[in-house]
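Owing to the predicted nature of the structure, the values given are computational and were not obtained by experimental measurement. Heavy atoms only: backbone and side chains are in, while hydrogens, waters and symmetry mates are out.
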Amino acid sequence: MNVSPPSRQDIDRRVWEDPAMRQALAVRDIAAIFRLLARRGLSQRVIAARTGQAQSEVCAIVASGRQVMAYDVLSRIADGLGIPRGYMGLPYDTSSTPATASRREDDEQASRLLAHAAQVTVGAIEGSVEQWADPLPHVATPVPERIGITDVAQVESATCAQRVLDYQHGGGVCRSAVAAQLAWSQQLLRASCSPEVARRLHRALADQHNLAGWTSFDVGLYGPARDHLARALEQARYANDPSLMANVLYRMGRVYLHCGRVQETLRFFQLGQICAQDASCERTVAMLCANEAWAYALLGNAELAFKSINRARDELDRAPEHSAPSWVTFFGYTDLASTYGMIHACLGPAHLETAVDHLTEAVAGRDPSMTRSRAFELTALAAVYLKAGEMTKGINIGRQAVTLATELHSMRVIDRLAPLQEIAVRRSDHHHEARDLAQRISALRAA
């Protein structure tokens, strides 16, 4: 029979080598450490006895996720539980007082940094420049214990800023930043806050997942895109925001549209329309109806395509000019003209002239900040011109599209050049400039 008192209960040293535990130790996430120990059968009473804390204090740390900052408490936790002090970034010399140890470390770090600064400033740089590509050690940013509306507004502002970068430069420029911001923002769920702040935080996180999914899709990471969009939909539903749910469903549909899964695309767009109507958001309804029309055109159903695109125009005509949420403000009459052009381009030779008119209108009206959309429209317009036999116009516009594609960090833009390449190849026997265009696209797609 084990008669050891709770305070002396042994802890297998292998516990500290578990990857999840090592991560928690590295960032001194004491609540996570205690929870991981609990999963291995260590009670809060035993933890309290080993660390010199009251059981109520251990319980409070676990329940609230409160950070432990005091050096003496961290030392008691490490020594009491048998944690290797280095795993928590604590000095091994336990005879030193906390203030003395900390001051000595600061002095050493300052001396090293000063010596390095002097060497870089007035001398040669040691080592190879290749080391600059190596990441610095990850250190988690501290999270507040309690948050308010201002904290959530900062999350929303970061998402808006990153969305602008996505529109202008492609998802490859900002996807990693979105993912990093999201990793930090999710930790705010551990903080205490009012119910209203919690609801708005869930909505903000839903939109960050929405953008993370969209930028993942833009760089060709379809699995992560679906995962982020699924989480976005869940959190938007939890936040009771049908407008954001509709936007997420639109983006899910666009993923499958790009992959040629048109029937699934239609289902996502139709589910989105239900949410958009619940939100009384005419602009979102218009966006979903326009994209539904494009899907019908790809299926060759002109009647349903025009029915949906005409409804989209009606809804956009009724939409208030300045009241749309940030995730749908991009959609306006330029996008409607673009979609009209795509529909006519899909419906055969008799529609090519009308497709040119609409796509030309879209290119002329496109805001300069929407570089990726402009690349899509130039690509579609070049393809229509080549189909219509207007080779000079098609090749010149195609070159503009390829130039934009080289400047953007977007696999979608490059993927959308494939039909233009196919048409240029078919025309290349009779037109050497068409051959050159096809070769430029081929080289870009192979890079």
Side-chain angles (χ1 to χ4, degrees), residues 2-94 98 101-102 135-147 151 179-193 198 201-202 205 208-209 212 224 227-228 230-231 234-235 238:
N2 181 7
V3 295
S4 298
S7 62
R8 304 315 319 157
Q9 182 173 333
D10 291 333
I11 300 175
D12 190 333
R13 289 183 61 84
R14 289 174 295 182
V15 168
W16 314 122
E17 305 304 328
D18 177 81
M21 181 64 81
R22 286 296 295 271
Q23 175 64 22
L25 292 169
V27 298
R28 299 179 180 176
D29 187 344
I30 303 304
I33 294 167
F34 288 175
R35 283 194 290 268
L36 289 167
L37 289 174
R39 291 176 193 168
R40 292 177 175 265
L42 209 67
S43 69
Q44 291 182 2
R45 182 171 66 89
V46 171
I47 293 172
R50 292 290 297 266
T51 60
Q53 298 172 287
Q55 185 175 345
S56 59
E57 184 179 2
V58 173
C59 180
I61 290 171
V62 171
S64 67
R66 174 169 60 84
Q67 284 188 300
V68 176
M69 306 296 291
Y71 181 92
D72 61 329
V73 177
L74 291 171
S75 295
R76 287 204 317 268
I77 291 171
D79 296 340
L81 295 174
I83 301 169
R85 294 171 66 87
Y87 287 10
M88 296 176 66
L90 300 172
Y92 280 93
D93 183 4
T94 57
S102 178
L136 290 170
H138 174 72
V139 178
T141 305
V143 177
E145 291 187 11
R146 183 171 181 82
I147 60 171
D151 299 287
Q181 178 70 35
L182 181 57
W184 183 83
S185 300
Q186 283 184 257
Q187 296 181 79
L188 295 177
L189 291 170
R190 297 179 180 178
S192 59
C193 62
L201 175 60
H202 277 287
L205 290 172
Q208 276 198 331
H209 276 293
D227 292 342
H228 279 296
R231 178 66 62 86
E234 293 167 2
Q235 290 204 253
Y238 186 83

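Distance check, rounded to the nearest 0.5 Å: CE of Met21 to CG of Leu37 gives 4.0 Å. Here the CZ atom belonging to Arg50 is positioned 7.5 Å from the CG atom belonging to Leu42, to the nearest 0.5 angstrom. Atom-to-atom distance recorded for Ile33:CD1 and Leu81:CG is 8.5 Å, nearest 0.5 angstrom. Rounded to the nearest 0.5 angstrom, Ile83 CD1 and Ile11 CD1 are separated by 7.5 Å. Summarising the geometry, atom CD belonging to Gln44 is positioned 10.5 Å from atom CD belonging to Gln53; distances are rounded to the nearest 0.5 Å.
Smallest separation of non-hydrogen atoms from Gly82 and Trp16: O-NE1, 3.3 Å. When all heavy atoms of Cys193 and Ile147 are compared, the pair lying nearest together is CB-O, 3.5 Å. Looking at every heavy atom in both residues, Val62 comes nearest to Arg35 through O-NH1, 3.0 Å. Nearest heavy atoms, Ala60 versus Ser64: O-OG, 2.8 Å. Closest approach of Pro144 and Trp184 over heavy atoms only: CD-CZ2, 4.4 Å.
Under the rule for a salt bridge (Lys or Arg N to Asp or Glu O under 4.0 Å), the partners of Arg22 that lie at least two apart in sequence or sit in another chain are Glu17.
Considering only heavy atoms from C-beta on, Arg40 comes within 4.5 Å of Asp18 through its side chain. Counting heavy atoms from C-beta outward, Arg45 and Val58 have side chains that stay 4.5 Å or more apart. In this structure the side chain of Ile30 reaches within 4.5 angstrom of the side chain of Leu74, judged on heavy atoms.
Among the candidates Gln208, His202, Gln186, the single residue satisfying the side chain to side chain donor-acceptor pair (under 3.5 Å) test with Gln235 is His202.
No more than 12 heavy atoms of other residues, nucleotides or ligands shown are found within 6.0 angstrom of CZ on Arg231.
Of the possible donor and acceptor atoms, one in the side chain of Arg28 sits under 3.5 Å from a partner among the backbone N and O of Met88.
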Practice item. Begin from the C-alpha positions of Arg190 and Asp29 and carry the test salt bridge (charged side-chain N to carboxylate O under 4.0 Å, His left out) through to its verdict. Key: CA-CA 12 Å; Arg190 297 179 180 178; Asp29 187 344; 2.7 Å; yes
